[in-house]
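Note that ligands are numbered from 1 as they come in the structure, with each ligand's atoms numbered from 1 the same way. Numbers here are sequence positions counted from 1.
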Amino acid sequence: MERGKDLAKAANLIRGGKLVAIPTETVYGLAADGTNVDAVAGIFSAKKRPFFDPLILHFYDINDALPYVHSVPDIWYLLTKTFSPGPVTYVLPRSDKVPDLVTSGLDTVGVRFPRHPLTRELLAMLDVPLAAPSANRFGYISPTKPEHIEGQFTNEIDYILDGGVCDLGVESTILDLTTDRVKVLRKGSLSIESLSSIIGYIPEMAAVSSSRPSAPGNIDVHYAPSKPLYVVDFQTLELPENAALLAFGNNADHLLPAKRIQLSEKACTKEAATNFFAALHTLDADDNVDLIYCETFPDLELGPALNDRLTRAGREV
Ligand code: TXA
Ligand code: MG
């Protein structure tokens with residue numbers, strides 16, 4: 001699998017219906033021409049992703065997105081003015097320009113304006129949107145740098161557009177804009193505090209069910225390393241051998257594990273979010289580690305988004 005910063009090459013591959021991994025400010029995406037059904041089918045098969053789990057479309061700006069949506073609510077303009085390009089996905093009624101395969105037959109489509117400069121340039125060169133889920137095998141840890149993708153795929157992806165390490169490290173926040181009040185379908189890199197300050201109320205979090213997920217990233221087991229990850233209380237934890245800890249601030253200072261990764265020395269949830277998936281990749285690949293422990297994060301800023309991923313990736317003790 002080739003890797004580089006060649007935008008013309010990436011654009012030509014996309015035009016030819018191939019798969020290209022793209023950097024975004026959240027995580028890497030596995031992209032294809034969102035109007036080419038065969039190319040989109042290739043994404044599902046490379047990821048081993050079930051067809052009931054819809055893909056989001058990535059656009060350069062709102063003008064490019066307008067033909068793919070209809071009956072757009074005013075709040076969309078306010079939200080995009082404030083947060084886009086950036087880590088938000090807007091679920092809107094779709095137009096018939098969107099292939100059914102992209103939305104798994106839903107009458108809505110997820111629309112996102114990523115912020116990474118390389119991917120913005122690529123989008124500006126193309127006259128189609130990029131359908132892109134996170135560039136990991138279905139259910140596995142999301143990639144925040146090219147090496148994470150190389151570790152999961154071989155020849156399924158034609159090119160990795162190398163944009164370095166992702167700034168934010170946790171996926172976009174998904175907002176349902178199809179009803180009067182904004183609903184959060186997936187907690188993500190845009191905090192609920194920031195969102196509330198613009199919309200003027202605390203949004204409802206959509207109820208989640210794994211058999212009929214509102215955002216199928218909400219399926220019960222997701223973002224998971226292949227080694228067991230346990231969410232525990234470090235105060236009462238008795239460490240077995242070959243255990244690794246994900247530390248946050250000083251919460252694990254009294255423990256002496258085989259391996260420790262500090263997510264944020266200063267106990268900042270935003271910094272921990274940046275490091276979270278990369279830490280799981282590192283520990284999953286470490287032969288001296290058999291199991292991983294983490295504590296729940298504080299319930300503010302990106303804590304809820306991290307806890308959501310812990311709940312899905314982690315196991316009960
Ligand atoms: O940050 C991100 O959003 C990254 C980068 C690459 O853009 N993408 C990402 O895609 O996380 P993915 O496919 O891993 O997660 C998107 C989630 C999925 O759980 C999918 O089920 C949900 O969005 N989704 C897509 N279209 C939807 C729709 N019309 N209604 C509800 N949920 C939708
Ligand atoms: Mg994903």
Q. Hey, is the Mg ion (ligand 2) within less than 2.8 Å of some N/O/S atom on S142?
A. no

Q.
One thing to verify: whether D167 and K270 come together as a salt bridge, which I'm taking to mean a side-chain N less than 4.0 angstrom from a carboxylate O.
A.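 Looking at D167 together with K270, the answer is no, because their closest N to O distance does not fall below 4.0 Å.
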
Q) With the threshold set at 4.0 Å, does a side-chain nitrogen-carboxylate oxygen contact exist between E156 and R49? A) no

**Q.** ligand 1 contact on I174 by region, counting heavy-atom pairs under 4.0 Å
**A.**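 Under 4.0 Å from ligand 1, I174 contributes side-chain atoms alone.
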
Q.
I need the contact type for R94 against ligand 1. Using non-hydrogen atoms and a strict under-4.0 Å cut-off, is it side chain, backbone, both or neither?
A.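 None of R94 does.
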
(Q) Taking L101 as the starting point, is it possible to reach V128 by hopping between hydrophobic residues whose side chains are less than 4.5 Å apart? (A) no

Q) Are L306 and V27 connected, step by step, through hydrophobic side chains (Ile, Leu, Val, Met, Phe, Trp, Tyr) whose heavy atoms are closer than 4.5 Å? A)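 Yes: a chain of side-chain contacts under 4.5 Å links L306 to V27.
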
Q.
Please list, in number order, the atoms of ligand 1 under 4.0 Å from a heavy atom of R112.
A.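 Checking each atom against R112, I get 1 (O), 2 (C), 3 (O), 5 (C), 7 (O).
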
Q: Could you tell me whether L78 atom CG has more than 12 heavy atoms of other residues or ligands within 6.0 Å of it?
A: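 Yes - once you tally the heavy atoms of other residues, nucleotides and ligands closer than 6.0 Å, there are more than 12.
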
(Q) Could you check whether atom NZ of K227 has more than 12 heavy atoms from other residues, nucleotides or ligands sitting under 6.0 Å from it? (A)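 Enclosed.
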
Q: Look at the rings of F113 and Y90 and say which category their plane angle falls in: under 30° parallel, 30 to 60° tilted, over 60° perpendicular.
A: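 Taking Y90 first and then F113, their aromatic rings sit tilted (interplane angle of 30° to 60°).
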
For [atom], which of [options] has the closest heavy atom?
atom                    : options                : result
atom 29 (N) of ligand 1 : V111, L185, N136, T108 : T108
atom 30 (N) of ligand 1 : V102, L106, T173       : L106
atom 25 (C) of ligand 1 : P54, P87, G110, G29    : P54

Q: Report the C-alpha distance between K259 and N288 in whole Å, list the side-chain angles of each, state the deciding distance to 0.1 Å, and finish with yes or no for side-chain contact (heavy atoms from CB on, under 4.5 Å).
A: CA-CA 8 Å; K259 171 104 189 174; N288 300 316; over 6 Å; no

Nitrogen or oxygen atoms of [X] and ligand 1 under 3.5 Å apart:
X    : answer
S172 : yes
D53  : yes
R49  : yes
T24  : no

